[in-house]
Every structure is written in C-alpha cells, then in structure tokens.
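Down below is the structure, laid out as structure tokens.
Just so it is clear: chains get the letters A, B, ... in the order the sequence lines come, proteins before strands, and each one is counted from 1.
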Number of protein chains: 2
Amino acid sequence: MIPWVVLERLYLYYSYVESLPPEISWVSSQMLGEALGISPDLVRKDMTYCDIKGKPRQGYPVQELKNYLRKLLKLDEEVKSVIVGAGRLGSALANYDGLRKNNMRVLALFDVDPEKVGKSLGDLSILPLEDLEGFVKKNHVQCGVITVPAHSAQQVCDLLVNAGIRAIWNFAPAALRVPHHVHLRNENIVQGFVLLRIRMLEVN
Amino acid sequence: MIPWVVLERLYLYYSYVESLPPEISWVSSQMLGEALGISPDLVRKDMTYCDIKGKPRQGYPVQELKNYLRKLLKLDEEVKSVIVGAGRLGSALANYDGLRKNNMRVLALFDVDPEKVGKSLGDLSILPLEDLEGFVKKNHVQCGVITVPAHSAQQVCDLLVNAGIRAIWNFAPAALRVPHHVHLRNENIVQGFVLLRIRMLEVN
DNA sequence: TAGATTGTTAATCGATTAACAATC
DNA sequence: TAGATTGTTAATCGATTAACAATC
C-alpha cells in the first residue's frame, strides 16, 4: 500500500512530466524536485514505490513513467458524476476542461432555483433537486459534487448518500457526516485563502 | 511557532464553533473531534498551542475560543486582491460570499479576452491585462489570484511578481516558480478529483 | 463523592533527510 | 576513467496516540 502523501506527490510528478515537451525523454530526480519544490532524495524514495527503473546519469524514462503513473493513479477510469448547485462554482466545474480530460464525466447539474432549472449549460441540463435520487439510481452515478451553500450541504449530502452514491466531493465549507462506505473529500476554498493570508502576514 | 498542520486544524475548529447555535457556550474535545473526524486527544494537544483554558467536565468556552482563534488566524485582516482570468472560476471566486466575509477584498478582475474586458461583474470591473501592473502598484494589491489556463499561468505569475505582489493563490494546474519572498499557494482542483477517484476505486 | 474531561508527559508511529555503495 | 545519478539503508525529525494525574 502506497502512503497517501506519496500518492499526492506521484500525481504532481505525473502532471509535470505530462507538461514536458515531447523531445525530453529522460527526467532526473533533481529536475522533478526542482520544478516541484521537493528534495531529489524524496523524489527517489517516492519512485521506489513505482515499478520503474531509473538509469544512473540519465534519470527516469519519461514515457514509461507517464504510462505507469496513468495506470497507477487510475487516470483513465471514467467517473460518472452529478453536480448539485448550479451557481457559478458548479458551472465552472461542469465546464472545466481539466476535469473532462481527466475522465470526470458530468451527467447533469441539479438546483432548487426555478430560475435555473430547465436551462442548460453547454450540453448539460439543470434538473430540479427532486429528480436527484431517481437520476442517480437510474444512471449509476458514482460521485456527487456539492456546490451549494453551507447551510444546505448536509441535506444534499444525505440525498446523495441515500441514492447510493459512492463518493462525495464537497466544496461547501461544512463538516459533513457520511457513512463510512462513502468517500468524502472536502475542498475547503475559504481555508485555502485563510492559510495563505496567515503565511503572508506572519513572515511579514 | 505553531506547526502548519496544527494551524490547518485550528481553522477547522474555528469554522465549527462559528457554525454552532448561540445557546451552546461550551465545546469539548470530544464534540469537536467527532464533528471533524479528529481524535479528541489530538484536539486537546492542538489546544495547548492556544492561550485558552478549558474546564474539566465542560470543555472549552465557545465565545472565548472564537475570539482567540479569530485573532490568531488573522481573520479580520483585509487582503487586497485581484483576480486574473475572468472565466467561470474567476467569476465564482469574485462573487463568493465566504471569501468576502473572510475579508478577501477583490478590487478588480483582469482578462485578455476583448469580449470580457470592459464588462463588469456586480460592482467589479474586468480590466485588460495590460493594466495589471499599474493597477497593482497604484492600489498596493497584496494578493493575486490566478484562474487562467495552465499554459499562461507562469506568464501571469511573473507579471504579478514584477508588480510587487506578496502572495499568489494559484488555481491553474501548473508548477509556478516564484521568488522566495512571494508566498504561493496552489489549489489544485484536478488533483483533488484524482485523489478522490483513487480512494473510491481502491477500497472496492 | 463519582465521573467526566482537561493538560501534559512518554511511547509510538511514520515520513523525511542523510549517507553512500552500485552503476552506467 | 571520472562523474553523475540511482537505489537503499540508517539516522533524524516531527506528528499522533496512549496513558494518566489533576481538577471541577
């Protein structure tokens, strides 16, 4: 089992080599480390979790590394998703190309606002919240994205859980309770800002 | 100096007590831990970094804790910011109430798209990228938020750094290089999705 | 009082760094 | 060959957990 912190870095390595021009076919722990602010020692240690052989004086083979990490990180697995909350953030995520390219497949958005319901966003419909449970069950949706205000996040979460969702990606600043078989990831944007401010003001 | 991991949790404690109904005036390490998925032991340990006295059989005084953490986490300090990239994500952040309430003060958005430039978003103007440097200097902007595509993120970053910005909040999936006096925080949304998917597919 | 809960110290655990031999 | 770089083991560092006395 690869430790969680290592997986996080492996994805960073992946996106870095992904962004490399095609003529570069070897990458060293030093290059990787420098680009990502990680010590070369640690990069090498992380690499020992992968079934990739580096070469002294050259580093790691880019193409092989890319393919290997793609598999390991399951980047080719499609995830059927719905987004609940068709505000600006929900719409941004629905249209975000980086997510589409990484095989997050958004099937629909949901909202309570009658102004929004019935409209569409590109080729995605905005459906009423009442339809959520049926839709999730019928389409075997695996992942629910929550982009509603904090005060209704738990309620939406419960709806998703009852409909049989397996993962929840929560953007509302709320501490959600989910049964242990449901995977929850909080993307606390406000916390991100708060922590950046502290660093900025601390060091002066 | 309070360790970074502890600061992250202190903010979680803060938002939790913030969300409590006013009639609750004491909160125990158990309550906090349960709500946030943290062991009560660790909550108590974290509390030792704060100048807050708990009471056996009662816990910690909510109001005091709230005030104390507000100061410690510098939540009342206003941060003058600009958002570069007036797409859906940039607009979502510009309008996000959670950020406004936490004293992120957005002064303007910037974009290269002539379609967007000149328009406004609520009471915020969308200005051309050429004006960025002058605007940042003139208004003593402290923080730049990057919501442009990955391929132009470094360029925007350099512009901000040259204009004298002190912190960069980067939403583009790119490994930016900044001089060491500039604080950089990456909010890698795609990574968030990738890690959630791994957890979901791993355990079953 | 008895029982719940804090505050603190010691033990454990895990992650990072340092060091260095092996190799191309 | 000399020099750069991997792969791996040992040392260090830091964070979490366990344990328990103090206290209301």
Exercise: do A/Tyr68 and A/Asp51 side chains pair donor with acceptor under 3.5 Å:
no

CG on B/Leu36 to OG on B/Ser15, rounded to 0.5 Å
7.5 Å

Give the intermediate values and the outcome of side-chain contact (heavy atoms from CB on, under 4.5 Å) for residues B/Leu132 and B/Leu127.
CA-CA 8 Å; B/Leu132 180 60; B/Leu127 305 175; over 6 Å; no

B/Leu107 side, atom CG; B/Met104 side, atom CE - distance, nearest 0.5 Å
9.5 Å

Interface with DNA chain D, restricted to residues 2-25 of chain B and to heavy atoms under 4.0 Å:
B/Pro3, B/Val5, B/Arg9

Taking the basic N atoms (NZ, or NE/NH1/NH2) and the acidic carboxylate oxygens, is any pair closer than 4.0 Å for A/Lys101 and A/Asp97?
yes

Bend across the helix from C/dG3-D/dC24 to C/dC24-D/dG3, to 10°, with axes taken over 5 pairs at each end?
10°

Ion pair present between A/Lys66 and A/Glu64, side-chain N to carboxylate O less than 4.0 angstrom?
no

I need the residues from residues 27-44 of chain A with at least one non-hydrogen atom less than 4.0 Å from DNA chain D; give them sorted by number, or say none.
A/Ser28, A/Ser29, A/Arg44

Walk me through whether B/Leu42 and B/Arg9 qualify under side-chain contact (heavy atoms from CB on, under 4.5 Å).
CA-CA 10 Å; B/Leu42 187 49; B/Arg9 286 192 300 265; 3.6 Å; yes

Measure from the ring center of B/Phe193 to the ring center of A/Trp169 and say whether it is less than 6.0 Å.
yes

For residues 49-69 of chain A, which residues have at least one heavy atom under 4.0 Å from DNA chain D?
A/Lys53, A/Gly54, A/Lys55, A/Pro56, A/Arg57, A/Gly59, A/Tyr60

Separation between CH2 (B/Trp4) and CG (A/Leu195), nearest 0.5 Å, reads 5.0 Å

Does A/Leu65 form a side-chain contact (heavy atoms from CB on, under 4.5 Å) with A/Met47? I'd like the steps, not just the answer.
CA-CA 10 Å; A/Leu65 188 57; A/Met47 286 304 173; 4.0 Å; yes

Quick check: are there more than 12 heavy atoms from other residues, nucleotides or ligands sitting under 6.0 Å from CD of B/Gln155?
no

Within 6.0 angstrom of B/Gln30 CD, more than 12 heavy atoms from elsewhere
no

First contact, last contact: which nucleotides of DNA chain D are these for chain A, 5' to 3', heavy-atom distance under 4.0 Å?
D/dG3 to D/dT9

Could you walk me through whether B/Asn103 and B/Val79 pass the side-chain contact (heavy atoms from CB on, under 4.5 Å) check?
CA-CA 6 Å; B/Asn103 294 305; B/Val79 177; over 6 Å; no

Side-chain ion pair, A/Glu187 and A/Arg185, N-O less than 4.0 Å
yes

Which pairs count as salt bridge (charged side-chain N to carboxylate O under 4.0 Å, His left out) when at least one residue sits in residues 134-162 of chain A, sequence neighbours excluded?
A/Glu133-A/Lys137

